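Down below is the structure, laid out as structure tokens.
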Amino acid sequence: MSTENEMTETSKPKSSIRAKVQAFGGFLTNMVLPNIGAFIAWGLLTALFIETGWLPNEHLAELVGPTITYLLPLLLAYTGGRMVGGQRGAVMGSIGAIGLIIGSDIPMFLGAMIIGPLGGWIIKRFDKLIEKKIPAGFEMVINNFSIGILGFFLLLLSYTVIGPVIQAANQSVTVAIEALVATGFLPLLSLINEPAKVLFLNNVIDQGIYYPLGMQQTLEAGKSIYFTVASNPGPGLGLLLAYTFFGNKIARRTAPGAIIIHFFGGIHELYFPYVLMKPLTIIGMIAGGMSGIATIQLFDAGLVAGPSPGSIFAYLALTPRGSFTGIVLGVIVATVVSFIVTSIILKLDKKSDDEDGLTESIEKSKTMKSEGKDIFNPSTDAADKKAINKISFACDAGAGSSALGATTFRKKLQKANIEDIEVKHYRIEDVPKDSDIIVVHKNLLDRTKMSFADYEIITIENYIGDPKLEELLDELKER
């Protein structure tokens with residue numbers, strides 16, 4: 001079976017730029033994901049109680065402004081600081097964030113996602129510097145005063161310098177994108193969005209750019225189209241439908257299952273391998289994305305918060321009064337256009353999907369296996385085989401495609417009466433060090449090697465029925 005473990009102890013992997021950007025996107029995502037509930041709560045407040053909401057209420061609408069101004073940025077900063085510097089980092093990040101909030105007149109989401117990790121890094125470095133130098137009995141005094149003093153300076157710095165810089169940068173980005181809106185060229189963003197998503201950079205785009213801009217616009221207008229420009233499930237649905245009808249063999253069998261998980265579960269990573277299998281289909285994704293944005297823009301529609309996950313259920317739940325027609329049509333039009341363009345590409349491409357991608361992977365796996373490069377030692381004696389106790393599925397955020405892969409593989413092990421192997425899912429950087437095998441999508445290999453160069457890594461192209469996972473299952477059955 002094919003595995004990726006080519007690095008020696010003396011040779012460290014060189015991280016690709018894409019892997020570093022993916023890791024950055026994963027970091028942003030892990031600041032946002034734990035707080036999605038708070039964002040949805042704010043979205044419901046906005047959808048219901050503002051002047052143009054479903055149940056206008058001037059008194060309850062007073063909650064909207066302070067929640068987006070104070071609560072949400074502070075949660076992001078707290079989480080980011082905790083990720084870097086633990087509980088002390090969380091406190092430092094929050095202290096720095098309040099300086100940004102007070103010193104600006106826009107919701108400081110981007111600022112919070114910068115100052116939070118910065119505060120965590122500062123206190124982490126300080127703690128390392130004074131480690132083993134604190135006199136006995138003075139631990140609490142030094143710990144409290146160190147946060148107090150460093151937090152004081154970070155508070156002043158964020159209020160006087162960092163905040164104004166971030167606000168100026170934010171306004172520049174806002175002006176640029178609003179210019180696209182004003183000229184009607186907003187759909188052109190799909191030229192960037194769709195290829196970036198397939199390269200697993202979707203979290204960088206959404207959490208780093210569109211969500212903060214969307215929250216600002218929602219505070220002013222009660223909705224925002226920015227929440228839809230990269231999260232529309234329509235293009236992915238159209239692509240998977242095209243594979244369902246015009247794909248060959250494995251692709252045609254697996255696409256219907258991927259449709260359910262993608263469209264209703266909101267895990268868009270499911271369709272990425274189908275695009276990578278035939279890169280020309282990215283044209284269909286771009287066309288679908290552009291048409292969806294254009295439709296939503298035509299009806300002046302939008303959402304009240306970021307749909308996470310990008311499920312049709314989340315879309316409908318976050319659609320404010322007056323936007324249902326535009327949102328629903330935006331998804332439908334994107335689906336139809338993506339389906340038509342992708343279908344044409346698949347029909348014109350005479351090569352079999354299996355010959356072009358999946359079967360090639362199988363043959364390559366067999367070749368590698370015959371050379372003895374599998375997860376076990378070359379010996380055929382069962383006693384000599386490497387013990388496999390923990391298999392970790394990993395992805396960008398650890399909550400989408402990896403969860404699907406782990407659940408599916410765990411069920412297959414149960415059917416095979418294999419009960420002694422732990423299978424769980426994680427964010428790439430959080431994979432336990434005692435993992436025997438790490439399973440990731442092939443586009444995340446470079447990023448995985450940044451943290452796990454000397455581990456057994458299996459790269460897959462499809463989270464449903466990938467041949468490498470089937471080979472792994474067979475090997476485990478033969479133990």
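Excluded from the calculations below are hydrogen atoms, water molecules and symmetry mates; all remaining heavy atoms, backbone and side chain alike, are included. Since the structure is predicted, the reported quantities are computational estimates derived from the model, not experimental observations.
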Donor-acceptor under 3.5 Å ([X] side chain, [Y] main chain):
X	Y	answer
Ser190	Met290	yes
Thr295	Gly330	no
Asp436	Ile391	no
Thr335	Gly234	yes
Tyr243	Tyr274	yes
Ser291	Gly288	yes
Lys390	Lys424	no
His425	Gly405	no
Thr448	Leu444	yes
Asn232	Ile293	no

field: Lys/Arg N to Asp/Glu carboxylate O, Glu461 vs Lys468, below 4.0 Å
entry: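 A salt bridge is absent here (no side-chain N lies under 4.0 Å from a carboxylate O).
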query: Should the ring pair Phe339 and Phe246 be called parallel, tilted or perpendicular, given that the plane angle runs from 0 to 90° and is split at 30 and 60?
result: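 Tilted, since the angle between the ring planes falls between 30° and 60°.
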- prompt: Parallel, tilted or perpendicular for Phe393 and Phe409, by the 30°/60° rule?
  reply: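 Rings of Phe393 and Phe409: tilted, 30 to 60°.
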[X] side, atom [atom1]; [Y] side, atom [atom2] - distance, nearest 0.5 Å:
X	Y	atom1	atom2	answer
Tyr271	Leu240	OH	CG	9.0 Å
Asn35	Leu76	CG	CG	5.5 Å
Asn417	Glu419	CG	CD	6.5 Å
Ser392	Phe452	OG	CZ	8.0 Å
Leu445	Ile457	CG	CD1	5.5 Å
Ile345	Leu280	CD1	CG	4.5 Å

Between [X] and [Y], what is the shortest heavy-atom contact and its length?
X	Y	value
Ser338	Met285	OG-SD, 4.0 Å
Asp300	Ser323	O-OG, 4.3 Å
Ala38	Leu75	CB-CD1, 3.6 Å
Val84	Gly120	CG1-C, 3.7 Å
Pro307	Tyr315	CG-CE1, 3.5 Å

- request: Run the numbers on Tyr226 and Met215 for side-chain contact (heavy atoms from CB on, under 4.5 Å), then give the verdict.
  value: CA-CA 9 Å; Tyr226 297 140; Met215 298 297 277; over 6 Å; no
- request: Flag the pair Tyr210 / Phe227 as yes when their ring centroid distance falls below 6.0 Å, and as no otherwise.
  value: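 Ring centroids of Tyr210 and Phe227 are no less than 6.0 Å from each other.
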message: Which residue in the set Ile418, Leu473, Leu472 passes side chain to side chain contact (heavy atoms under 4.5 Å, CB included) when paired with Lys412?
response: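 Only one option passes, and that is Leu473.
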- request: Would you please test Thr218 and Leu303 for side-chain contact (heavy atoms from CB on, under 4.5 Å) and show each step?
  value: CA-CA 8 Å; Thr218 302; Leu303 302 179; over 6 Å; no
- request: Apply side-chain contact (heavy atoms from CB on, under 4.5 Å) to the pair Phe49 and Leu63, showing each step before the final yes or no.
  value: CA-CA 9 Å; Phe49 301 129; Leu63 293 167; over 6 Å; no
